[in-house]
Amino acid sequence: MKRWYCVIETYDDYGRVTANLVDVAETDEKPVDTAESTDTKDIYCTWYGSEQEANRAIKDALTA
C-alpha cells in the first residue's frame, strides 16, 4: 500500500486562490485527479505521492 495526499486548489473569478491538503488515502493505485468548474470558480483535486510534493504544490499555488 502507498500513501497518497490530496490537495484541493480553487481559483475564483476575482483572482483569489486557495490551496489545502484535504485527504490522505492508502491504496495501491493513485486515486483519480478531478477538476470542476462552477459559475464563479474552478476547483482542482490533485493526488500526490508524498507529503513533500503536496506541500510544494500548495506553496506554488499560493505564491503564483
Participant: Which pairs with one or both residues in residues 3-17 pass salt bridge (Lys or Arg N to Asp or Glu O under 4.0 Å), sequence neighbours excluded?
Facilitator: Arg3-Glu26, Asp12-Arg16
Participant: Is the shortest heavy-atom distance from the side chain of Ile58 to the side chain of Leu21 under 4.5 Å?
Facilitator: yes
Participant: Determine whether Lys2 and Asp28 satisfy the following criterion, side-chain contact (heavy atoms from CB on, under 4.5 Å), listing intermediate values before the conclusion.
Facilitator: CA-CA 6 Å; Lys2 180 167 173 57; Asp28 290 328; over 6 Å; no
Participant: Would you say that Val24 contacts Trp4 through its side chain, given a criterion of any heavy-atom pair below 4.5 Å between the two side chains?
Facilitator: no
Participant: When clusters are formed from ILVMFWY side-chain contacts under 4.5 Å, directly or step by step, what else is grouped with Ile43?
Facilitator: Ile8, Val22
Participant: Give every residue pair that meets the salt bridge (Lys or Arg N to Asp or Glu O under 4.0 Å) criterion with at least one member in residues 38-64, sequence neighbours excluded.
Facilitator: none
Participant: Do Thr40 and Tyr14 make a side-chain contact, defined as non-hydrogen atoms from C-beta onward lying under 4.5 Å apart?
Facilitator: no
Participant: Among residues at least two apart in sequence or on other chains, which ones pass side chain to side chain contact (heavy atoms under 4.5 Å, CB included) with Ala57?
Facilitator: Tyr48
Participant: Among all residues two or more places apart in sequence or in another chain, which pass the side chain to side chain donor-acceptor pair (under 3.5 Å) test with Thr46?
Facilitator: none
Participant: Taking all non-hydrogen atoms of both residues, which atom of Tyr5 and which atom of Ala54 are closest, and how far apart?
Facilitator: CB-CB, 3.9 Å
Participant: How many angstroms lie between atom OH of Tyr44 and atom SG of Cys6, to the nearest 0.5 angstrom?
Facilitator: 14.5 Å
Participant: Once side chain to side chain donor-acceptor pair (under 3.5 Å) is applied, do any residues pair with Asp33, and if so which ones, sequence neighbours excluded?
Facilitator: Lys30
